Enquirer: 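Attaching a single structure in structure tokens format; questions to follow.
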2 protein chains.
Amino acid sequence: MPKISDARRDARRNQILEAAQRAFAAKGYQHTSMAEVIAEAELSTGAVYGYFDGKRDLFAAVAKQVLGRRNADLVAAAADGSPPAPAEVLEIVLDGTRSEGLDLRLLVQLWGEATVDPEMRDVVNAGVKVLGGAFRAALRRWFEVHPEHAPDGADVAAENLVPVLMGMGQGFIFQSAMLDGFDSRAYLDGARRILPH
Amino acid sequence: MPKISDARRDARRNQILEAAQRAFAAKGYQHTSMAEVIAEAELSTGAVYGYFDGKRDLFAAVAKQVLGRRNADLVAAAADGSPPAPAEVLEIVLDGTRSEGLDLRLLVQLWGEATVDPEMRDVVNAGVKVLGGAFRAALRRWFEVHPEHAPDGADVAAENLVPVLMGMGQGFIFQSAMLDGFDSRAYLDGARRILPH
DNA sequence: GTCTATAGCAAGATAGAC
DNA sequence: GTCTATCTTGCTATAGAC
């Protein structure tokens with residue numbers, strides 16, 4: 001039986017998660033000390049360790065939350081109205097990050113960490129799998145309405161397009177986080193030009 | 001005046017770089033200690049610090065070498081014969097990494113580090129700039145031969161395609177390094193299908 | 001130029017009071 | 001549940017012999 005209400009516990013947990021997200025985005029996961037996360041959350045060591053096992057656990061939780069929100073965007077947008085075109089699918093997901101003010105460097109840091117940490121790798125794989133499913137479903141619906149772009153059927157067309165469309169999204173994230181003078185409109189224009197429409 | 005010949009010095013330097021590349025790829029830049037790099041190179045602390053200022057300097061040098069080789073591949077392939085189609089441009093660069101046996105996780109780690117380390121960020125920006133120039137030149141030549149895909153001229157068509165084509169390459173690198181059961185052929189097939197040809 | 005040994009520091013996590 | 005104080009570990013980089 002918890003000493004404080006579940007609602008209050010959840011609020012604290014969220015307070016810590018949001019502070020961690022800010023801190024990690026600012027200085028990077030690797031270069032952020034627990035002391036900095038704790039200061040950002042305006043709590044004390046003991047309090048934070050009461051909610052999370054440590055720095056890795058905290059980063060994994062932040063990542064899961066972020067990936068979950070991206071997926072929710074796409075599912076919501078695909079559910080109502082006419083199915084979005086491939087380029088629009090990409091824009092929905094990327095716009096979600098922008099409107100949320102998500103620092104895309106955080107995702108690139110997650111990728112880097114996932115290359116050597118199996119726990120993080122699992123988080124990334126799970127995120128890509130879920131998001132990929134949402135991509136596939138949205139594309140399939142669009143190809144059903146546009147059979148002229150799907151000679152072998154909507155299923156096959158969607159299946160073929162998913163990896164490379166996600167790749168274009170990952171490329172956007174990378175370039176946006178990394179390149180001086182990245183032009184997101186030009187990138188999306190280029191994508192629109194080659195994607196079926 | 002060097003106490004040992006330049007050739008010998010270069011060989012030592014390369015020995016260290018290759019050891020560092022192996023060590024970083026295996027455990028990740030962040031999680032590799034200098035002691036491990038030194039053991040891999042079969043040298044001693046003092047010897048390694050005689051050639052590099054420290055771990056960061058070493059990683060930057062490894063990254064520059066790798067990016068330089070990728071660029072050389074593309075320049076060489078574009079120079080002779082008929083200009084490669086967009087999908088082929090992508091394949092040339094990605095095949096180069098495979099034939100070299102480069103562990104793509106190394107690049108993803110570089111990206112992660114570059115989000116927080118200005119020196120690494122400069123390395124990545126310089127690499128993308130050079131490689132982007134090679135992409136642009138190759139695409140321009142192809143569009144000149146295929147004006148039906150370039151209504152506004154070869155220059156504009158190439159300019160528009162470069163960011164998203166590089167993005168597809170970055171997506172490939174990410175997925176290849178990260179996803180369980182990544183199918184590189186399926187990815188490239190999907191790319192070929194949407195790219196002009 | 002290369003070696004061994006170690007100084008010196010940063011930071012993740014814990015112990016115990018309240 | 002939350003706080004302060006601190007313990008412990010691991011690692012980068014240097015100093016000095018050969």
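Just so you know, these numbers use all the heavy atoms, side chains as well, and skip hydrogens, waters and symmetry mates. Keep in mind the model is a prediction, meaning the values are calculated, not measured.
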Enquirer: Output the rounded distance in Å from CG (A:L43) to P (D:dT4).
Expert: 11 Å
Enquirer: Considering only D:dT12, C:dT2, D:dT2, which nucleotide approaches the side chain of B:K55 most closely?
Expert: D:dT12
Enquirer: Side chain to side chain donor-acceptor pair (under 3.5 Å), that's the test. Do A:Q30 and A:E113 meet it? Break it down for me.
Expert: CA-CA 9 Å; A:Q30 299 282 359; A:E113 193 59 21; 2.2 Å; yes
Enquirer: Has the side chain of A:K55 got a donor or acceptor atom that lies under 3.5 Å from a matching backbone atom of A:Y29?
Expert: yes
Enquirer: Does this structure show an ion pair linking A:D103 with A:R105, if we count only N-O contacts that are shorter than 4.0 Å?
Expert: yes
Enquirer: Is it true that A:R98 and A:D95 make a salt bridge, defined as a side-chain N closer than 4.0 Å to a carboxylate O?
Expert: yes
Enquirer: Contact class for B:Y51 vs. all strands (heavy atom < 4.0 Å): base, sugar-phosphate, or nothing?
Expert: sugar-phosphate
Enquirer: I'd like to know if the side chain of B:S176 reaches the main chain of B:I173, judged simply by a donor and an acceptor atom lying under 3.5 Å from each other, with no hydrogens or angles considered.
Expert: no
Enquirer: Taking the side chain from B:R192 and the backbone from B:E88, do they hold a donor-acceptor pair closer than 3.5 Å?
Expert: no
Enquirer: Is the number of heavy atoms from other residues, nucleotides or ligands under 6.0 Å of B:E42 CD greater than 12?
Expert: no
Enquirer: Please state how far atom CG in B:D6 lies from atom C1' in C:dG1, giving the value in whole angstrom units.
Expert: 15 Å
Enquirer: Should A:D180 and B:R121 count as an ion pair when the cut-off is N to O under 4.0 Å?
Expert: yes
Enquirer: Which heavy atom of B:L17 sits nearest to which heavy atom of B:A61, and what is that distance?
Expert: CD2-CB, 3.7 Å
Enquirer: Check nucleotides 14-18 of chain D against the protein and report each pair of N or O atoms closer than 3.5 Å, with its distance, or say if there are none.
Expert:
none

Enquirer: In whole angstrom, give the distance that lies between atom CD1 of A:I16 and atom P of D:dG1.
Expert: 12 Å
Enquirer: Between D:dG1, D:dC3, C:dG1, which nucleotide gets closest to the side-chain atoms of A:R9?
Expert: D:dG1
Enquirer: So does B:I92 get a backbone contact from the side chain of B:D73, meaning a donor-acceptor N/O pair under 3.5 Å?
Expert: no
Enquirer: Just to be sure I understand the geometry, which residues of residues 21-39 of chain A put a non-hydrogen atom under 4.0 Å away from DNA chain C?
Expert: A:T32, A:S33, A:M34
Enquirer: Okay, side chain of B:H149, backbone of B:H197: is any donor-acceptor separation there less than 3.5 Å?
Expert: yes
Enquirer: Rounded to the nearest angstrom, tell me the gap between atom CD in A:E42 and atom C1' in D:dT2.
Expert: 15 Å
Enquirer: Name every residue in residues 115-123 of chain A that has at least one heavy atom under 4.0 Å from any atom of DNA chain D, in order of residue number, or write none if there are no such residues.
Expert: none
